[in-house]
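Both backbone and side-chain heavy atoms feed into the values below; hydrogens, waters and symmetry mates do not.
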Amino acid sequence: MADEITYEHKTVKAVRGTDGRVISKMREEGWELVEQSQGKVRTTLEFRRPKKPLPRALIVSVAGGFVLLAVVIGIGAALEGGGDAEGGADKPSVAGASAAPSAPSTPTAAAPPAPSAAAEVITTQNSPEFAALLKTPDSCDQANQDFATKHAGRTIAFDGSIVNVAPHGSYDTRYDFLLGPGDKGAQTGIGPAFKYEDVNVPGLKLTGPNTPETVRAGDTFRFVARVGEFRAKQCLFLLTPVSTEPR
């Protein structure tokens, strides 16, 4: 039927505690929550929204544009071919022309490259943008996406704590670490929801004189990490560990 509504569906997995933010963000984009399943660490959210039909006038316009483009290309090719046939005999030949050999150039030493700003580690001391990001009251804030896009692959360093530790999938020795700025561990209420995903304890690259054998929620560290993607649907900011030093 012409009036039948068709839906597109999306499944989102959110860390428990952030599902309310995710639902609100999805509803703003026109999605309807149809099912919610609670897990030990993650909540699975099922959404749907009506598909937007493609306007018939747009389809006709695009088809007409392709036809017109084909006609223009055909006419241009015909005119170009005729011009070559008429003027080809009058073009002077350069097959026998010769030029005096040029003197060999003397190579010059390349100047050393200037230090790149990309090599600098981003901290709250040298980046007001990063300092403001760590104080955002909402982990779903657009500032997360902007920072991740602008500084993808760059290295950041900040004082923070472990908010949560959960096994990654069915593994016993690989984990998902949720990090936050400051020293409040699970009580962290500001800044991005930073995440190390599918990492074992050696993968944290612990350093310093007092490296722990185990890592728990509430432990405080100096985190140095590379900027990854921001998953807007889950409000998670992915990082890759570079070094982790106890504080």
Side-chain angles (χ1 to χ4, degrees), residues 12-29 41-43 45 116-166 175-199 203-208 210-212 215-247:
V12 177
K13 292 186 177 181
V15 175
R16 293 188 64 179
T18 65
D19 46 344
R21 298 174 184 174
V22 175
I23 292 172
S24 297
K25 188 174 183 66
M26 294 291 286
R27 283 176 174 167
E28 291 175 1
E29 298 176 5
V41 179
R42 299 178 181 84
T43 300
L45 306 170
S116 171
E120 184 180 15
V121 176
I122 299 173
T123 67
T124 56
Q125 286 73 37
N126 61 25
S127 172
E129 178 188 15
F130 185 48
L133 179 68
L134 296 185
K135 295 179 181 179
T136 53
D138 185 0
S139 62
C140 296
D141 194 281
Q142 179 63 33
N144 291 274
Q145 183 68 72
D146 295 341
F147 190 90
T149 301
K150 180 179 178 180
H151 301 290
R154 294 283 303 275
T155 301
I156 60 173
F158 65 97
D159 290 341
S161 60
I162 304 293
V163 176
N164 186 51
V165 182
Y175 307 93
D176 293 336
F177 294 90
L178 199 61
L179 321 175
D183 304 333
K184 295 186 177 181
Q187 304 303 316
T188 301
I190 61 170
F194 290 126
K195 184 182 183 182
Y196 289 162
E197 188 172 72
D198 190 13
V199 178
L204 294 175
K205 300 181 181 178
L206 294 163
T207 185
N210 300 311
T211 56
V215 176
R216 301 180 178 86
D219 290 348
T220 58
F221 297 95
R222 176 70 173 177
F223 296 108
V224 180
R226 284 194 302 274
V227 174
E229 67 172 317
F230 177 67
R231 293 178 180 169
K233 303 303 182 186
Q234 299 170 291
C235 301
L236 292 174
F237 198 134
L238 299 192
L239 302 176
T240 300
V242 173
S243 68
T244 305
E245 183 176 0
R247 295 189 292 118

Review point. If we only count heavy atoms from C-beta on, is the C235 to S139 side-chain gap below 4.5 Å?
Key: yes

Review point. Between F158 and F194, is the gap from one ring center to the other below 6.0 Å?
Key: yes

Check your understanding: So, the side chain of N126 versus the backbone of T123: is there a donor-acceptor pair under 3.5 Å, distance only?
Key -> yes

**Study point:** E29 atom CD: more than 12 heavy-atom contacts under 6.0 Å
**Key:** yes

Review point. What distance separates Q142 CD from T136 OG1, expressed to the nearest 0.5 Å?
Key: 12.0 Å

Check your understanding: Which distance, rounded to the nearest 0.5 Å, do you find between the CD of Q145 and the SG of C140?
Key -> 11.5 Å

Review point. Is any side-chain heavy atom of K233 less than 4.5 Å from a side-chain heavy atom of K25?
Key: no

Practice item. Could you walk me through whether V199 and Y175 pass side-chain contact (heavy atoms from CB on, under 4.5 Å), step by step? Key: CA-CA 5 Å; V199 178; Y175 307 93; over 6 Å; no

Review point. With a cut-off of 6.0 Å (strictly less than), are more than 12 heavy atoms of other residues, nucleotides or ligands near CZ of R226?
Key: no

Point to revise | Point-to-point distance, once rounded to the nearest 0.5 Å, from CG of N144 to CG of L133 | key: 5.0 Å

Practice item. Output yes when a side-chain donor or acceptor of T211 lies under 3.5 Å from a complementary backbone atom of G208, and no otherwise. Key: no

Review point. Is there side-chain contact between L179 and F223, with heavy atoms separated by less than 4.5 Å?
Key: yes

Point to revise | K184 atom NZ, neighbour heavy-atom count above 12 within 6.0 Å | key: no

**Study point:** salt_bridge(E120, R154) N-O dist < 4.0 Å
**Key:** no

Exercise for review: Measure the shortest side-chain to side-chain distance between S161 and D219 over non-hydrogen atoms and say whether it is less than 4.5 angstrom.
Suggested key: no

Review point. Distance only, no hydrogens: is a donor on one side chain within 3.5 Å (strictly under) of an acceptor on the other, for S24 and E28?
Key: no

Practice item. Enter the distance from T188:OG1 to L178:CG here, rounded to the nearest 0.5 Å. Key: 8.5 Å

Exercise for review: Keeping the roles fixed (side chain from T18, backbone from A14), state whether a donor-acceptor pair exists under 3.5 Å.
Suggested key: no

Review point. Which pair of heavy atoms, one from A157 and one from R222, lies closest together, and at what distance?
Key: CB-NH2, 3.7 Å

Check your understanding: To the nearest 0.5 Å, what is the distance between CD1 (I122) and OG1 (T155)?
Key -> 8.0 Å

Review point. At their closest point, which heavy atom of P181 faces which heavy atom of G191, and how far apart are they?
Key: CG-CA, 4.1 Å

Exercise for review: Check whether any side-chain heavy atom of I156 lies under 4.5 Å from a side-chain heavy atom of V224, and answer yes or no.
Suggested key: no

Check your understanding: Below 4.5 Å, heavy atoms only, C-beta onward: do F130 and V227 meet side chain to side chain?
Key -> no

Practice item. Report yes if some heavy atom in the side chain of V12 is under 4.5 Å from a heavy atom in the side chain of M26; otherwise report no. Key: yes

Practice item. Could you please spell out the steps behind the side-chain contact (heavy atoms from CB on, under 4.5 Å) verdict for I23 and L45? Key: CA-CA 8 Å; I23 292 172; L45 306 170; 3.8 Å; yes

Review point. Can you check whether F230 reaches L236 side chain to side chain, under 4.5 Å on heavy atoms?
Key: no

Review point. Taking the side chain from S127 and the backbone from T124, do they hold a donor-acceptor pair closer than 3.5 Å?
Key: no

Check: residues 237-247 side-chain donor-acceptor pairs under 3.5 Å, at least two apart:
unit_1 : atom_1 : unit_2 : atom_2 : d
T244   : OG1    : L204   : O      : 2.7
R247   : NE     : F221   : O      : 2.8
R247   : NH1    : D183   : OD1    : 3.2
R247   : NH2    : G160   : O      : 3.0
R247   : NH2    : D183   : OD1    : 2.4

Exercise for review: Answer yes or no: is there an ion pair linking R42 with D176, defined by an N-O contact shorter than 4.0 Å?
Suggested key: yes

**Study point:** Atom pair CG (N164) and CZ (R216), whose distance is rounded to the nearest 0.5 Å
**Key:** 14.0 Å

Review point. Hey, is E229 close enough to K195 for a salt bridge, meaning N to O under 4.0 Å?
Key: no

